[in-house]
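Order of the sequence lines fixes the chain letters, A, B, ..., with proteins taken first and strands second; residue numbering starts at 1 for each chain.
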Number of protein chains: 2
Amino acid sequence: MALKAVKTKVSLADKAYRELKHKILDNELHSGQQMTEAEVSVLLNMSRTPTREAMLQLASEGLIELKPRHGMRVKPISIDDMQEIYEVLTGLESTAAALCATKGLTSEQLSLMHDAVNTMNETLDRDDLTEWARADEQFHRYLVEFADNNRLKHLVSNFIEQSHRFRMLTLKMRPKPTNSNKDHLDVISAIENRDSEKARLIHHQHREKSGRMLISLIKNVGLNHI
Amino acid sequence: MALKAVKTKVSLADKAYRELKHKILDNELHSGQQMTEAEVSVLLNMSRTPTREAMLQLASEGLIELKPRHGMRVKPISIDDMQEIYEVLTGLESTAAALCATKGLTSEQLSLMHDAVNTMNETLDRDDLTEWARADEQFHRYLVEFADNNRLKHLVSNFIEQSHRFRMLTLKMRPKPTNSNKDHLDVISAIENRDSEKARLIHHQHREKSGRMLISLIKNVGLNHI
DNA sequence: AAATTTATTAATGTATACATTATATGATCT
DNA sequence: AGATCATATAATGTATACATTAATAAATTT
């Protein structure tokens with residue numbers, strides 16, 4: 001039996017969206033950097049139409065801003081922006097934690113969350129902060145995915161992306177996150193016990209605290225924007 | 001001195017977006033109704049390009065879904081969708097209530113909220129449910145606006161829009177909302193007392209209860225979608 | 001009559017052309 | 001040198017043309 005190549009047709013607009021987003025999140029396109037539609041279409045090697053659609057989408061997601069006759073600009077994130085982003089993200093994830101406790105999780109789901117906590121411990125032990133951050137984000141994404149609310153999941157994903165650059169910037173500046181996992185385990189425990197208020201509260205305090213710390217780190221370095 | 005006409009240049013894409021949105025929210029375009037790009041461009045009397053941009057935006061906001069070669073479809077809202085929407089909306093608005101209490105409101109802001117409550121009482125007294133709903137929504141929008149977080153405000157606005165059709169559908173089916181304003185006043189009081197947990201909790205229970213009621217009303221009529 | 005195959009049509013995604021006009025540049029004046 | 005005005009240019013928003021191909025209709029086979 002001949003093996004057929006699986007061919008998923010990706011539109012150019014979708015390709016443009018993904019590539020631009022990747023360049024922004026990985027700092028290949030810097031904060032404040034401007035590009036006209038024509039420049040973006042040259043960069044991505046396609047006509048203006050799909051790049052324009054991609055840019056409109058990224059603008060609605062808050063990663064870039066569009067200025068007529070000046071094209072797109074990678075949105076600098078001010079301290080106020082960070083504050084806003086964290087307030088929303090904290091509220092959304094706490095809602096997810098509460099929903100997990102209300103709806104209940106399977107043992108497989110709980111196991112995955114424990115795995116993420118274990119990975120965080122291991123990566124901390126060997127001082128691998130990048131991998132720690134990955135496992136941390138994975139834990140948070142599980143929390144939201146298992147809340148079983150697709151709209152919530154997409155919202156949180158967008159806010160995690162918006163916060164990506166300042167989380168990565170501060171990763172090497174912050175104290176080693178040795179207490180993080182106590183909160184994570186307490187949240188898991190509250191979920192297991194179906195205590196939605198406790199799950200919500202613990203996670204809320206956890207997120208609020210880390211948001212405050214990130215913001216003060218950035219302020220202490222004298223940055224107004226990133 | 002000659003009076004100059006104030007001219008704000010609105011793009012056709014923006015015009016298309018607003019008109020389509022208006023038609024959906026006011027049920028001029030019915031749930032499940034399909035239109036190809038060409039049909040929409042005839043309806044709106046413009047070329048496909050701006051209508052396409054408008055449709056992409058409305059799709060990302062969840063009011064329509066796009067299906068290649070079939071165009072757009074006004075998104076029917078299932079019971080599950082309603083549940084999701086209310087879970088998110090409840091979480092977001094509760095976050096706003098808590099933020100209002102944390103940040104504190106001016107006496108003007110508090111006065112506006114009291115005005116909305118008074119309007120609700122008056123409209124209830126004369127059995128004007130449509131105006132009551134307007135005042136109710138106004139109260140909720142104040143809550144979010146005064147939380148002073150632009151991202152949160154836009155999110156809530158989008159979810160209020162998504163919930164608009166089923167709120168309007170159930171408006172005449174629901175019991176007269178005689179207890180609503182006790183909750184509203186309690187929230188205002190908690191905000192005045194700078195008690196963020198209490199503001200959050202009261203509002204959360206309030207929203208959760210009304211969400212459950214709306215959903216059960218729709219189920220009792222035997223509808224799976226609206 | 002139902003199932004399968006073939007041909008045709010039309011819908012989208014993209015590229016390109018065009019019109020409008022904001023912005024940059026250059027010239028002139030103070 | 002700085003301010004103002006005029007002009008040219010280029011960026012966007014829109015319309016239109018084109019290529020691809022999914023979906024539908026028609027023809028053929030069972």
Side-chain angles (χ1 to χ4, degrees), chain A residues 1-2 4-24 29-76, chain B residues 2 4-24 29-30 32-76:
Chain A
M1 181 157 106
K4 288 201 182 175
V6 176
K7 197 169 218 179
T8 308
K9 177 73 180 179
V10 176
S11 71
L12 286 184
D14 203 44
K15 185 169 183 287
Y17 167 76
R18 292 178 190 189
E19 288 190 22
L20 274 183
K21 193 172 197 174
H22 173 87
K23 287 178 192 296
I24 293 165
L29 289 179
H30 303 291
S31 172
Q33 187 168 353
Q34 291 194 176
M35 294 182 89
T36 59
E37 287 182 5
E39 283 166 342
V40 177
S41 76
V42 168
L43 175 71
L44 301 178
N45 193 30
M46 63 182 75
S47 79
R48 271 175 54 218
T49 313
T51 67
R52 181 176 169 78
E53 285 182 15
M55 282 157 66
L56 287 170
Q57 179 64 24
L58 288 168
S60 78
E61 292 180 11
L63 292 184
I64 64 174
E65 59 195 0
L66 299 175
K67 193 175 174 186
R69 317 198 67 87
H70 293 79
M72 70 166 236
R73 188 169 85 121
V74 178
K75 216 165 178 182
Chain B
K4 286 202 183 178
V6 176
K7 196 168 216 177
T8 308
K9 177 72 179 176
V10 176
S11 70
L12 287 185
D14 202 44
K15 184 170 184 285
Y17 166 76
R18 292 178 189 189
E19 288 189 23
L20 273 184
K21 195 173 196 170
H22 174 88
K23 285 177 193 300
I24 293 165
L29 289 180
H30 304 292
Q33 187 168 355
Q34 290 193 176
M35 293 181 89
T36 59
E37 288 184 7
E39 283 166 340
V40 177
S41 77
V42 168
L43 175 71
L44 301 178
N45 192 30
M46 64 182 73
S47 78
R48 271 174 55 217
T49 314
T51 68
R52 180 175 169 78
E53 284 182 14
M55 281 157 65
L56 287 169
Q57 179 63 25
L58 288 168
S60 77
E61 290 179 12
L63 293 183
I64 65 173
E65 60 196 358
L66 300 175
K67 192 175 175 189
R69 316 195 70 85
H70 293 78
M72 70 167 236
R73 186 167 87 123
V74 178
K75 217 166 177 178

Practice item. Looking only at side-chain atoms of B:L12, point me to the closest of D:dA15, D:dA23, C:dA15. Key: D:dA15

Exercise for review: Round to a whole Å and report the spacing from CE of B:M35 to C1' of C:dA10.
Suggested key: 16 Å

Exercise for review: Send over the distance from A:R73 CZ to D:dA11 C1', rounded to a whole Å.
Suggested key: 18 Å

Review point. Roughly, in whole Å, what's the span from CD in A:Q34 to P in C:dA24?
Key: 10 Å

Check your understanding: For D:dT16, does OP1 or OP2 lie under 4.0 Å from any side-chain N or O of B:R48?
Key -> no

Practice item. Any chance you could measure A:Y17, atom OH, to A:H22, atom NE2, to the nearest 0.5 Å? Key: 14.0 Å

Check your understanding: Contact class for A:T49 (heavy atom, under 4.0 Å): base, sugar-phosphate, or nothing?
Key -> base

**Study point:** Carboxylate-amine/guanidinium proximity below 4.0 Å for A:K75 and A:E65
**Key:** no

Point to revise | Residue met sooner reading DNA chain C from 5', once A:K67 and A:D14 are mapped to nucleotides | key: A:D14

Exercise for review: Look at the side chain of B:M46 and decide which nucleotide, out of D:dT24, D:dT12, D:dA15, has an atom nearest to it.
Suggested key: D:dA15

Practice item. Take atom CG of B:L44 and atom P of D:dT14, then tell me their distance rounded to the nearest Å. Key: 12 Å

Review point. Roughly, in whole Å, what's the span from CZ in B:R52 to C1' in C:dT12?
Key: 6 Å

Check your understanding: Do A:Q57 and A:E61 have a side chain donor and acceptor closer than 3.5 Å?
Key -> yes

Point to revise | Integer-rounded Å distance: D:dG13 P and B:E53 CD | key: 8 Å

Review point. Would you say A:E19's side chain and A:A16's backbone share a donor-acceptor pair under 3.5 angstrom?
Key: no

Revision key, fill the gap. From CD of A:E39 across to P of D:dA11 the rounded distance in Å is 7 Å

Revision key, fill the gap. In whole angstroms, the gap separating C1' of D:dT21 from CZ of B:R69 amounts to 6 Å

